[in-house]
Amino acid sequence: MAVYPFRKIESRWQTYWEEKKTFRTPTKVDTTKPKYYVLDMFPYPSGAGLHVGHPEGYTATDIVARYKRMRGFNVLHPIGWDAFGLPAEQYALRTGTHPRITTEQNICRFRKQLKSLGFSYDWDREIDTTDPGYFKWTQWIFLKLFERGLAYEAKVPVWWCEELGTTLANEEVVDGKSDIGGYPCERRMLRQWVLRITEYAERLLDGLEETDWPVSTKEMQRNWIGRSEGADIEFPVQDMDAASILVYTTRPDTIFGATYMVLAPEHPMVDRISTEVQQDEVQNYKDLASRKSDLERTELQKEKTGVFTGAYAINPVNKESIPVWIADYVLYSYGTGAIMAVPGQDERDWAFAAKYDLPIRRTVQPPPDFTGLAYTGDGPAMNSEFLDGLHIEDAKIRILDWLEEQKVGCRKVNYKLRDWLFSRQRYWGEPIPVVFQNEEVHSLPENVLPINLPELDEFKPSGTPEGPLALATEWLTVTNPDTGEVARRETNTMPQWAGSCWYFLRYIDPRNPERMVDPELEKYWMPVDLYIGGAEHAVLHLLYARFWHMVLYDAGVVSTPEPFAKLVHQGMILGELEYTAWRSSATGQWVSAEKVSDGKEVHTGIILEPVQIDVEAVAKDRERFLLKDAPDIQLDVRAFKMSKSRGNVINPDEIIEQYGADAFRLYEMFMGPLEQVKPWSTRGVHGTFRFLSRIWRLITENPLSEKEPDRKQLRILHQTIERVTNDIENLRMNTAIAALMEFVNAAFKWKELPRTIAEPFVLLLAPFAPHIAEELWSRFGYKDSLAYAPWPELNLEYLAEELIDLPVQVNGRVRATIRVAPGADKQKVLHVAIQEPNVKRFLGDAPPRREIYVPGRILNLVAAK
RNA sequence: GCCGGGAUGGCGGAAUUGGUAGACGCAACGGACUUAAAAUCCGUUGGCCGUAAGGUCGUGCGGGUUCAAGUCCCGCUCCCGGUACCA
């Protein structure tokens with residue numbers, strides 16, 4: 001029994017592709033041909049190597065790339081490395097190994113692994129964000145941002161992580177702990193580079209309309225940008241001339257219900273307005289708030305706190321005097337940092353008012369059955385003088401007009417989106433191309449780029465907010481080429497996001513020393529037609545990249561406002577299904593899973609330990625899984641996210657070693673829909689391996705027939721062409737593979753396999769399992785790779801069948817199937833159908849009351865009576 | 001809480017505009033090959049009743065529309081992802 005020699009085949013073809021540069025996309029392509037730019041989110045080359053999640057998206061794009069080549073497109077399908085980043089630097093800190101060394105090693109490992117999967121990347125276009133030839137242009141873009149006033153310095157409260165010795169972006173801090181490492185972080189005021197992304201908020205929002213992206217991702221970006229419409233309203237401070245507090249509200253219609261005001265503790269007005277009596281209390285509260293991390297501020301949100309400043313403000317609509325408080329439930333960084341509190345219509349304000357015994361006044365009539373506290377729904381206004389009776393929308397318009405007439409307020413749009421904190425106190429990142437001279441910032445001229453990193457022996461944070469570059473004394477001092485004076489370099493570097501904001505442009509023209517990308521080439525290749533990557537980048541990477549791209553568009557560097565036309569997220573691959581039994585550690589007794597919640601016995605609260613059960617020891621009873629030895633004990637069945645600590649990580653290298661790259665690729669695509677989360681099953685790989693072995697035997701065990709194929713063979717081939725083609729176009733790789741399997745199952749029943757059937761089949765297989773396909777293709781006698789062989793053409797004529805099985809229903813239930821021509825007329829079909837004994841039986845003697853005939857689909861007869 | 005997605009055999013999943021639910025694969029079972037096992041190959045496989053023909057129930061739960069509902073409508077439950085004092 002000949003086995004399918006995948007090791008030999010796969011290494012042969014990988015070598016062939018590499019030597020012949022089969023997938024090279026020349027700089028000069030025939031631009032009269034259509035183009036297709038298919039892009040993977042490039043990986044961070046971590047020390048752990050590739051995991052099974054990477055090849056999922058990469059295989060999907062590879063299939064599309066190979067398919068589009070066969071359809072005559074010029075295809076751009078590149079790969080590279082997002083290689084700056086903290087892990088290499090932290091490794092350097094521990095071991096003294098230069099991050100460049102670590103990075104290079106990791107890249108080599110990743111490259112080798114990707115090549116072992118047979119992806120059709122144009123390796124001549126490989127890029128690396130840490131390469132000076134690359135980050136020269138990252139720095140160049142920074143200069144563009146700086147020129148356009150979109151990069152500025154600010155003293156901003158930022159997350160400072162003592163352990164990492166660096167500041168972090170909001171996004172890198174989760175629950176007051178660093179995203180990487182989980183170390184505690186605190187707020188500090190530091191000088192930082194900030195990018196004015198908020199200037200583009202509206203356009204970033206609008207641009208989403210033009211993209212073919214998952215709705216969920218667009219929605220996440222919209223939420224992140226967080227546009228809201230409302231008003232800025234001025235409240236004069238009582239007994240203080242020319243002092244007023246500006247608030248932002250989205251509910252100006254409720255202004256008659258404003259019974260107090262709240263300032264954020266950091267608000268500059270606080271000190272001015274606080275009365276002497278309250279001074280101590282206010283200062284105490286401010287100190288407390290500044291020391292609280294955001295974690296504490298949000299974690300303790302159930303219990304709101306605040307203190308009275310002693311001051312009062314005048315409500316401009318009714319001249320009422322209302323107390324001014326400070327409280328940390330109001331954020332200084334959003335809106336004006338101050339609010340008018342309307343407890344009647346706002347749950348947070350209600351909670352605060354209830355706690356401190358502040359007045360509550362409803363200004364929207366809740367429905368009669370309303371039982372809650374604050375009412376945030378719609379209804380007629382009340383207690384609101386000239387607004388009374390108006391519903392929210394109308395009341396808003398009325399009050400906004402009034403406020404603007406009286407010049408005490410104006411319409412205002414606000415965004416949750418903040419400017420992007422762009423500097424990091426790290427070594428392993430792009431240096432920011434500016435210098436300081438007498439406390440002043442000067443951007444460096446383009447011709448001195450790239451600004452390289454200095455060589456360092458130590459990578460320790462300097463312990464100050466300056467980071468390790470502050471220790472590179474020689475590097476630090478420079479003559480400013482513009483002024484000829486001595487200047488000091490910026491010690492901050494860029495965040496890891498920088499390099500990935502524009503890498504897709506560099507692939508188009510990767511070695512150009514003169515420009516970041518040639519405009520003609522950019523125009524031809526952009527936008528990216530298909531972009532596949534993880535949903536974890538739904539907001540940050542994809543929003544930052546869009547922002548930079550819009551700036552480059554405004555600067556005339558690129559030709560499209562949006563970089564990624566179509567975006568797809570591959571779903572996460574979980575570990576193998578696990579069966580878990582629960583056991584009391586104390587008594588060793590099993591506890592049935594339905595009595596367990598949160599790892600505890602539901603009634604007694606006893607803490608239980610989970611025990612992994614081997615499949616062999618599992619019995620099943622209907623929809624429940626039981627312990628074979630103790631059938632009254634139910635098990636939990638679930639797949640978990642792969643993690644080292646859980647020990648359920650699958651290493652792709654081992655799978656490829658055992659089953660080959662083709663079987664691995666095929667399985668990753670066959671598991672289920674690309675976007676979906678799905679559990680891994682190594683048995684499943686065995687299944688796709690078996691499928692490839694069957695193909696191998698089908699085509700190599702017996703000589704192909706040179707005879708003309710029969711109609712049935714042609715029909716099956718063309719059905720397969722149709723299905724595979726449609727499925728690839730719609731990224732339904734799982735059903736495309738099922739179609740290929742069905743073809744093979746059918747072909748095994750034939751006495752002979754005609755060459756004219758086998759050859760197109762191998763072409764259909766090629767995008768999915770390229771190695772075996774190339775091998776078979778060459779055995780057919782072809783000298784060249786099939787990479788550019790034309791995709792099999794669908795001939796609809798061959799799909800037609802003379803006779804089909806038509807289901808016949810009586811009262812909506814199938815009672816028989818009859819063989820008729822697909823387009824047979826109703827009379828004829830009816831005639832045949834009522835001959836069927838089973839149909840007769842259910843129809844009774846009387847003719848049917850109604851007949852529904854959908855040609856080619858169904859005949860449904862409604863019985864009389 | 002809010003936003004988004006989902007629930008179909010023992011498991012992963014199929015199912016055009018509503019038109020034979022369970023394609024394809026895994027697992028399981030039976031058989032072939034083998035001294036034996038693994039591998040491989042062939043066959044069976046949603047539950048229940050029936051020797052069979054066939055019947056009957058069945059796509060998270062409860063209603064509805066329709067000749068016909070996994071698919072459409074109304075009301076829920078649970079799971080996953082995101083987000084969270086944004087005024």
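Protein chains get the first letters and strands the later ones, always in sequence-line order, with residue 1 at the start of each. Since we're looking at a predicted model, the values are computed, not measured. These numbers come from the heavy atoms of this one structure, side chains and all, not from hydrogens, waters or symmetry mates.
The separation between Phe640(A) atom CZ and C80(B) atom C1' is 13 Å, rounded to whole Å. Taking atom CD on Glu536(A) and atom P on G82(B), their separation rounds to 10 Å, with Å as the unit. The CD1-P distance, from Ile737(A) to A23(B), rounds to 18 Å in whole Å. Rounded to whole Å, the distance from CD on Glu578(A) to P on G10(B) is 21 Å. Spacing between atom NZ of Lys396(A) and atom C1' of A87(B) amounts to 12 Å, rounded to whole angstrom units. Here U83(B) presents its P atom at 13 Å from CG of Leu543(A), a figure rounded to the nearest Å. Rounded to an integer number of Å, the gap from CG of Leu692(A) to C1' of G25(B) is 13 Å. We find that CZ of Phe691(A) is positioned 20 Å from C1' of A39(B), with the value rounded to whole Å.
In this structure C78(B) sits in a base pair with G6(B), meeting the Watson-Crick or G-U test at under 3.5 Å. Both distances falling under 3.5 Å, in either a Watson-Crick or a G-U wobble arrangement, place G1(B) opposite U83(B). In this entry C33(B) has no Watson-Crick or G-U wobble partner, no candidate having both defining distances under 3.5 Å. Across all strands shown, G18(B) forms no Watson-Crick or G-U wobble pair with both distances under 3.5 Å. Pairing for U71(B) is absent, with no Watson-Crick or G-U wobble pair whose two atom distances lie under 3.5 Å. For G58(B), there is no paired nucleotide, since no Watson-Crick or G-U wobble pair has both relevant distances below 3.5 Å.
If you take atom P in G31(B) and the same atom in A21(B), they sit 33 Å apart, rounded to whole Å. The gap from the P atom of U40(B) to that of C78(B) amounts to 44 Å, rounded to the nearest Å. Across U17(B) and C33(B), the matching P atoms stand 50 Å from one another, rounded to whole Å. Nucleotides C2(B) and C85(B) place their P atoms 16 Å apart, quoted to the nearest Å. A39(B) and U77(B) have their P atoms separated by 47 Å, given to the nearest Å. G46(B) and G9(B): their C1' atoms are spaced 5 Å apart (whole Å). Using P as the reference atom, A69(B) and G58(B) are 11 Å apart when rounded to the nearest Å. Separating the C1' atom of C41(B) from that of G62(B) is a span of 49 Å, rounded to the nearest Å.
Tested against Ser333(A), the residues Glu266(A), Lys416(A), Arg418(A) include a single side chain to side chain donor-acceptor pair (under 3.5 Å) partner, Arg418(A).
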- [ ] Would you give a per-nucleotide map of nucleotides 58-65 of chain B, 5' to 3', where B means the base has a protein non-hydrogen atom under 4.0 Å away, S means only the sugar-phosphate does, and - means neither?
- [x] --------
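G9(B): glycosidic angle within 90° of 0, hence syn.
Under 3.5 Å, the side chains of Thr817(A) and Asp805(A) contain no donor-acceptor pair of N or O atoms. Between the side chains of Asp727(A) and Thr735(A), at least one donor N or O lies within less than 3.5 Å of an accepting N or O. At a cut-off of 3.5 Å, with distance as the only test, a side-chain donor of Asn745(A) or Arg694(A) sits close to an acceptor on the other residue.
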TODO: Take Glu576(A) and Thr682(A) through the side-chain hydrogen bond (donor to acceptor under 3.5 Å, both in side chains) test and state the conclusion after the steps.
DONE: CA-CA 8 Å; Glu576(A) 295 248 9; Thr682(A) 298; 3.3 Å; yes
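Residues forming a side-chain hydrogen bond (donor to acceptor under 3.5 Å, both in side chains) with Tyr853(A) (at least two apart in sequence, or on another chain): none. For Arg715(A), the side chain to side chain contact (heavy atoms under 4.5 Å, CB included) partners two or more places apart in sequence, or in a different chain, are Lys712(A), Gln719(A), Glu801(A).
Aromatic pair Phe6(A)/Tyr659(A): centroids not less than 6.0 angstrom apart.
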Protein-nucleic acid N or O pairs under 3.5 Å, nucleotides 13-15 of chain B:
from, atom 1, to, atom 2, distance (Å)
G13(B), OP1, Gln676(A), NE2, 2.4
G13(B), O5', Gln676(A), NE2, 3.4
A14(B), OP1, Asn734(A), ND2, 3.1

What pairs of nitrogen or oxygen atoms, one from the protein and one from nucleotides 66-72 of chain B, lie under 3.5 Å apart?
from, atom 1, to, atom 2, distance (Å)
C67(B), OP1, Arg850(A), NH1, 2.9
C67(B), O2', Asn860(A), ND2, 3.2
C67(B), O2, Asn860(A), ND2, 2.6

Check the interface with nucleotides 42-45 of chain B: list each N/O to N/O pair with the protein under 3.5 Å, or write none.
from, atom 1, to, atom 2, distance (Å)
C42(B), OP1, Arg694(A), NH1, 3.3

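With a 6.0 Å cutoff to the six-membered ring centre and a 45° limit on the axis angle, Arg362(A) does not count as a cation-pi contact of Tyr375(A).
Heavy atoms of Gly226(A) sit nowhere under 4.0 angstrom from any nucleic acid atom. Within the nucleic acid shown, Asp349(A) has no heavy atom closer than 4.0 Å to any nucleic acid atom. At a threshold of 4.0 angstrom between heavy atoms, the contacts of Thr217(A) with the nucleic acid are absent. Note on Arg841(A): only backbone sugar-phosphate atoms sit closer than 4.0 angstrom, heavy atoms only; bases stay farther off.
Closest-nucleotide positions on RNA chain B for Leu806(A) and Asn414(A) were compared, and the one nearer the 5' end corresponds to Leu806(A). Map Val215(A) and Glu742(A) each onto its nearest nucleotide of RNA chain B; the residue landing nearer the 5' end is Val215(A).
Between Trp213(A) and Leu542(A), the closest side-chain pair of non-hydrogen atoms falls below 4.5 Å. Under the 4.5 Å side-chain criterion, counting only non-hydrogen atoms from C-beta, Asn648(A) is in contact with Glu578(A). Put simply, the side chain of Phe761(A) reaches to within 4.5 Å of the side chain of Leu740(A), judged on heavy atoms. Proximity of Tyr356(A) to Thr305(A): side-chain heavy atoms (C-beta onward) are separated by under 4.5 Å at one or more points.
Considering only side-chain atoms of Asn745(A), the nucleotide from G25(B), U56(B), G19(B) that sits closest is G25(B). Checked against G55(B), C85(B), C26(B), the side chain of Ser681(A) finds its nearest nucleotide in C26(B). Residue Met220(A) has its side chain nearest to G82(B) when only A87(B), G82(B), U20(B) are considered.
Side-chain atoms of Lys678(A) come within 3.5 Å of backbone atoms of Gln676(A) as a donor-acceptor pair (strictly under, hydrogens ignored). Remark: side-chain polar atoms of Tyr667(A) are paired, donor with acceptor, to backbone N or O of Ser681(A) under 3.5 angstrom.
Listed here is the closest heavy atom pair of Thr59(A) and Pro55(A): OG1-O, 2.5 Å.
One finds the CG atom of Asp346(A) at 12.5 Å from the CZ atom of Phe352(A) (value rounded to the nearest 0.5 Å).
Contact annotation: His686(A) reaches the phosphate of U40(B) (side-chain N/O to OP1 or OP2, under 4.0 Å). For the OP1/OP2 pair of C11(B) and a distance below 4.0 Å, the side-chain nitrogens and oxygens of Arg683(A) include no atom meeting the criterion.
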